[in-house]
Amino acid sequence: GIVERRGPQTQLRAHIEHELAVIDDFIAVTRAIAEFHTLLMEECGNETLAVFGTALKNLFERAMLAAQPGVTPISEADRLASLRYGLRSHAKLADLIESGDGNAAEAHWKVHVTKAGKVWLKSVGAADVIDLFG
């Protein structure tokens, strides 16, 4: 995995700074979040997974941007609070990777993607997750 193959030297930290820098721009931050997930898969050192990550990034971006006209309105403060929470989770993952704790990084990321998925689905009014493997 990324912890074993790359050790503490990752590009994730710099990318998190980029996410925070564009947090006020919905389109830019949506793309940056998608790029974070792609970068994470690229740094795992598995070429097949990296290619799959690029495909998922494009799917995620298109789905989120296309769904925006139907999104349930929330306040700007709530939107930013939710984004900051997610980006703090990205930073915690980077901390765990840099510390070399692969098991904790995996456990943290499982919780993150489950929670984030529920938030995104709720925001676009979707009821079910698309089964990409079915």
Side-chain angles (χ1 to χ4, degrees):
I2 187 172
V3 175
E4 295 79 10
R5 291 176 182 270
R6 304 294 180 176
Q9 302 301 319
T10 75
Q11 299 176 51
L12 298 179
R13 189 72 62 190
H15 190 80
I16 293 165
E17 293 301 318
H18 168 65
E19 289 175 324
L20 290 167
V22 298
I23 199 168
D24 291 321
D25 181 332
F26 176 80
I27 292 174
V29 77
T30 296
R31 289 184 171 145
I33 290 168
E35 288 163 5
F36 178 87
H37 293 79
T38 302
L39 181 60
L40 184 62
M41 286 192 254
E42 287 173 351
E43 291 206 359
C44 285
N46 182 318
E47 188 174 334
T48 302
L49 188 60
V51 170
F52 189 59
T54 299
L56 287 178
K57 169 187 171 288
N58 294 334
L59 178 65
F60 171 82
E61 275 186 19
R62 286 198 308 271
M64 290 311 303
L65 296 174
Q68 280 315 294
V71 168
T72 304
I74 61 170
S75 73
E76 184 67 4
D78 286 345
R79 184 185 76 82
L80 288 173
S82 179
L83 280 170
R84 286 193 184 100
Y85 179 83
L87 299 187
R88 281 196 302 272
S89 182
H90 286 191
K92 181 173 181 180
L93 177 67
D95 290 341
L96 292 168
I97 290 169
E98 290 169 2
S99 74
D101 192 342
N103 290 334
E106 180 181 355
H108 172 74
W109 201 239
K110 282 181 180 177
V111 172
H112 172 92
V113 295
T114 300
K115 288 183 177 178
K118 289 177 182 176
V119 169
W120 284 107
L121 287 173
K122 183 178 178 183
S123 76
V124 298
D128 298 305
V129 177
I130 297 169
D131 184 358
L132 296 172
F133 304 102

To the nearest 0.5 Å, what is the distance between OG1 (Thr38) and CD (Glu43)?
11.5 Å

Are any non-hydrogen side-chain atoms of Arg13 and Glu98 less than 4.5 angstrom apart?
yes

Where do Leu80 and Ile23 come nearest, in terms of heavy atoms and distance?
CD2-O, 3.7 Å

Closest non-hydrogen atom pair, Ile16 against Ala94
CD1-CB, 4.0 Å

Any donor-acceptor pair under 3.5 Å linking the side chain of Ser89 with the backbone of Tyr85?
no

Reference residue His108; test side chain to side chain contact (heavy atoms under 4.5 Å, CB included); the match among Leu93, Asp101, Asp95:
Leu93

Heavy-atom closest pair, residues His18 and Ala32:
CD2-CB, 3.8 Å

Separation between NE2 (His15) and CD (Glu35), nearest 0.5 Å, reads 5.0 Å

For His37, check ring pair (Phe, Tyr, Trp, His ring centres under 6.0 Å) against everything at least two apart and list the hits.
His90, Trp109

Separation between CD (Gln11) and CG (Leu40), nearest 0.5 Å, reads 11.5 Å

For Arg79 against Asp24, the heavy-atom pair lying closest together
NH2-O, 3.7 Å

For Glu17, give me all partners under salt bridge (charged side-chain N to carboxylate O under 4.0 Å, His left out), at least two apart in sequence or on another chain.
none

With distance as the sole test, does Ser82 use its side chain to make a donor-acceptor pair with the main-chain N or O of Asp78 at under 3.5 Å?
no

